[in-house]
Amino acid sequence: MPALASHRKPRSRVRTTTPAVGLTTAALAGVTLLSTQSATAAPSAPKPSIEDVQKKVDDLYRQAGTATQQYNKAKEASATQRGKVDALLEDVAERADRLNEARRTLGNYAAAQYRTGSIAPTATFFLADDPQSYFDQNQLMNRMTAQQQKAVTDFRTQQAAAAKKRTEATKSLETLTESQATLRTSKQAVQKKLGEARAMLSKLTAEEKARLAALEREKEAEAKRKAEELARRQAAAKAEADRKAEEAAKQAGSTGGTGTGTGTGTGAGTGSDTSATTKAEKVLAFARDQIGKPYVWGATGPSSYDCSGLTQAAWKAAGVDIPRTTWDQVKIGTRIATADLQPGDLVFFYDDISHVGIYKGDGMMIHAPKPGANVREESIYYMPIYGSVRPA
């Protein structure tokens, strides 16, 4: 009898060693691959050159200058609006007093009529929930005395005027709130830009700071060279103008016109020139006295200044009031070409007109440069020139 096949399934052997070795190898390979990818996927950014740092820092200071002018504008608007609000509130208070006086007059009439034992039209009008609708009844006016009618008219006039002024004051307060919000935003923008510039400079090594200082000296030297060139051109132009004036005077003398007319004309011109020169001298005298004082954004003196604060204060010392911001200062007076600059003129810089200085002569100016620096003399070519004006 043939043997029966076994119904038991053969026991499979469990392999434990080889798969473990394979898994470990795969894991190690994966870690190695990831490590390699991490090392190559995110290389560190190259460190900016000193020239790039200089350009970036200068740009941040320029942006801070722009934000400073925005701050100055908002501050001036806020102060102006505060004055309007205060005046309106004072007016509202005065009108409220007059309204109360008119109300007391009507009350006196109502009380007198009440004491007589009847409620007369004046009292009814004063005590009504809707005096206007009652007042519109023509018969009421016919029954009132002239004095009572005047009292009612005065009350209505004062009431309407007070309501109008209260509305104006409310709108003015809203505008003031907006100005103050702009002021805060501008202040934060200035602080942010200055903080970024300081952070960038703080990361420089001693060697990099020395290189940055060297670049700054090179920039100053080039600006000074251009100023000297302008001074030579201006001196040559003045000499030529003087020569032509002398020739014209000789020709006038040779024609026999010892000329009262010529003398008078010269005198008038000299007087005008002298007045302008006197103002310019006062402007420069004031500006020189501020040299060494620190730049502080938003400052108008006397211990510190920003750029437009200095120019405003200098011209005020000469008896001329000019606006607060560079954006408004550039709109006043007469536009002047760089070649025709005279002492006291205002020179503006950058396309956004965010900086200004006072022309001193010979291609130089006095200005409040930037945070961390003091009021000083410097070439007008240190920054890109936008344009110039002669305030008076």
### Task
Taking the six-membered ring of Tyr382 (Phe, Tyr or Trp), confirm whether the NZ or CZ of Lys219 is under 6.0 Å from its centre and within 45° of its axis.
yes

#### Entry: Check: Gln329/Thr311 side-chain N/O donor and acceptor closer than 3.5 Å
yes

### Task
Start with the C-alpha distance between Val389 and Asp345, add both sets of side-chain angles, then the distance that settles side chain to side chain contact (heavy atoms under 4.5 Å, CB included), and finish with yes or no.
CA-CA 6 Å; Val389 301; Asp345 292 345; over 6 Å; no

### Query
So which heavy atom on Tyr359 is nearest to which on Met364, and how close?
CD1-O, 3.3 Å

### Task
State whether Lys250 and Glu246 are salt-bridged, where the test is any N-O pair (Lys NZ or Arg NE/NH1/NH2 against Asp/Glu carboxylate O) under 4.0 Å.
yes

### Query
Roughly how far, to the nearest 0.5 Å, is the CG atom of Leu341 from the CG atom of Asp362?
11.5 Å

### Query
Does the distance from a Lys or Arg side-chain N to an Asp or Glu carboxylate O, for Glu240 and Arg243, drop under 4.0 Å?
yes

### Query
How are the rings of His355 and Phe349 set to each other: parallel, tilted or perpendicular (split at 30° and 60°)?
tilted

### Query
Can you tell which of Lys293, Arg324, Lys75 makes a salt bridge (Lys or Arg N to Asp or Glu O under 4.0 Å) with Asp306?
Arg324

### Query
Within a strict 4.5 Å, meaning less than it, do heavy atoms of the Thr334 and Ile336 side chains meet?
yes

### Fellow cluster residues of Val296, listed by chain then number, with links counted only when side-chain atoms sit under 4.5 Å apart
none

### Query
Atom CE in Met200, atom CZ in Arg198: separation rounded to 0.5 Å?
13.5 Å

#### Entry: side chain to side chain contact (heavy atoms under 4.5 Å, CB included) assessment of Trp315 paired with Lys282
CA-CA 8 Å; Trp315 270 96; Lys282 291 180 179 179; over 6 Å; no

### Task
For the residue pair Val356 and His367, establish whether any side-chain heavy-atom pair is separated by less than 4.5 Å.
no

### Message
Checking Asp59 against Gln63: is there a side-chain donor and acceptor pair closer than 3.5 Å?
### Response
yes

### Query
How far apart are the closest heavy atoms of Tyr381 and Ala227, and which atoms are they?
CD1-N, 3.7 Å

### Query
Does the side chain to side chain contact (heavy atoms under 4.5 Å, CB included) test come out yes or no for Met383 and Asp58, once each step is laid out?
CA-CA 10 Å; Met383 294 167 283; Asp58 286 347; over 6 Å; no

### Query
So with a 6.0 Å cut-off around CD of Glu207, is the heavy-atom count from everything else above 12?
no

### Query
For the residue pair Pro48 and Asp52, what are the closest heavy atoms and their distance?
CB-CB, 4.2 Å

### Single-linkage hydrophobic cluster Leu310~Ile385, side-chain heavy atoms < 4.5 angstrom
no

#### Entry: Sub-4.5 Å side-chain heavy-atom contact between Gln69 and Cys307
yes

### Query
Any idea which heavy atoms bring Ala392 and Lys279 closest together, and the distance?
CB-NZ, 4.2 Å

### Query
If you measure from CZ on Arg335 to CG on Asp340, what distance do you get to the nearest 0.5 Å?
13.0 Å

#### Entry: Residues Glu196, Lys192: salt bridge by 4.0 Å N-O rule
yes

### Query
How about Asp352: does its CG atom have over 12 heavy atoms from other parts shown lying under 6.0 Å from it?
yes

### Query
Under a 4.0 Å N-O cut-off, is there an ion pair linking Arg211 with Glu51?
yes

### Nearest heavy atoms of Ala339 and Gln234, plus distance in Å
O-NE2, 3.5 Å

### Query
Side chains of Thr185 and Thr182: closer than 4.5 Å at any heavy-atom pair?
no

### Task
Ignoring hydrogens and angles, tell me if any N or O in the side chain of Ser78 forms a donor-acceptor pair with the backbone of Ala74 under 3.5 Å.
no

### Message
Can you confirm whether Lys360 sits close enough to Pro343 that some side-chain heavy atom of one is under 4.5 Å from a side-chain heavy atom of the other?
### Response
no

### Residues that Trp297 engages under ring-ring contact (aromatic ring centres under 6.0 Å, His included), provided they are two or more places apart
Tyr71

#### Entry: Check ion pair Glu222-Arg225 (N to O, under 4.0 angstrom)
yes

### Task
Flag the pair Asn374 / Ile291 as yes when at least one side-chain heavy-atom distance between them is below 4.5 Å, and no otherwise.
no

### Task
Give a yes or no on whether the backbone of Val347 and the side-chain of Ser388 come within a donor-acceptor separation of less than 3.5 Å.
no

### Exercise: identify the closest heavy-atom pair between Ile358 and Ala314
CD1-CB, 3.6 Å

### Message
Under the criterion side chain to side chain contact (heavy atoms under 4.5 Å, CB included), I'd like the reasoning laid out for Leu346 against Ile322: C-alpha separation, chi angles, the key distance, then a yes or no.
### Response
CA-CA 11 Å; Leu346 301 183; Ile322 65 174; 4.1 Å; yes

### Message
For a 4.5 angstrom cut-off between non-hydrogen side-chain atoms, does Thr326 reach Tyr386?
### Response
no

### Summary
Residues passing the side chain to side chain contact (heavy atoms under 4.5 Å, CB included) test with Lys73, sequence neighbours excluded, are Thr325, Trp327

### Task
Kindly compute the distance separating CG (Leu230) from OG1 (Thr338), expressed to the nearest 0.5 Å.
7.5 Å

### Query
Are the side chain of Ser304 and the backbone N or O of Thr300 linked by a donor-acceptor pair below 3.5 Å?
no

### Message
Once rounded to the nearest 0.5 Å, what's the spacing between atom CG of Leu60 and atom CG of Leu194?
### Response
9.0 Å

### Query
How many angstroms lie between CG in Leu284 and CD1 in Ile366, if you round to the nearest 0.5 Å?
5.5 Å

#### Entry: Heavy-atom donor-acceptor pair, Glu377 side chain to Met365 backbone, under 3.5 Å
no

### Task
State plainly whether one hydrophobic cluster holds both Leu201 and Tyr295, where clusters connect Ile, Leu, Val, Met, Phe, Trp and Tyr through side-chain heavy atoms under 4.5 angstrom apart.
yes

### Query
Just wondering, do Thr66 and Tyr61 contact through their side chains at under 4.5 Å, heavy atoms?
no

### Task
Count the heavy atoms of every other residue, nucleotide or ligand shown that sit under 6.0 Å from CG of Asp351, and state whether that count exceeds 12.
no

### Query
If we ignore angles and hydrogens, is there a donor and acceptor under 3.5 Å between the side chains of Arg62 and Ser354?
no

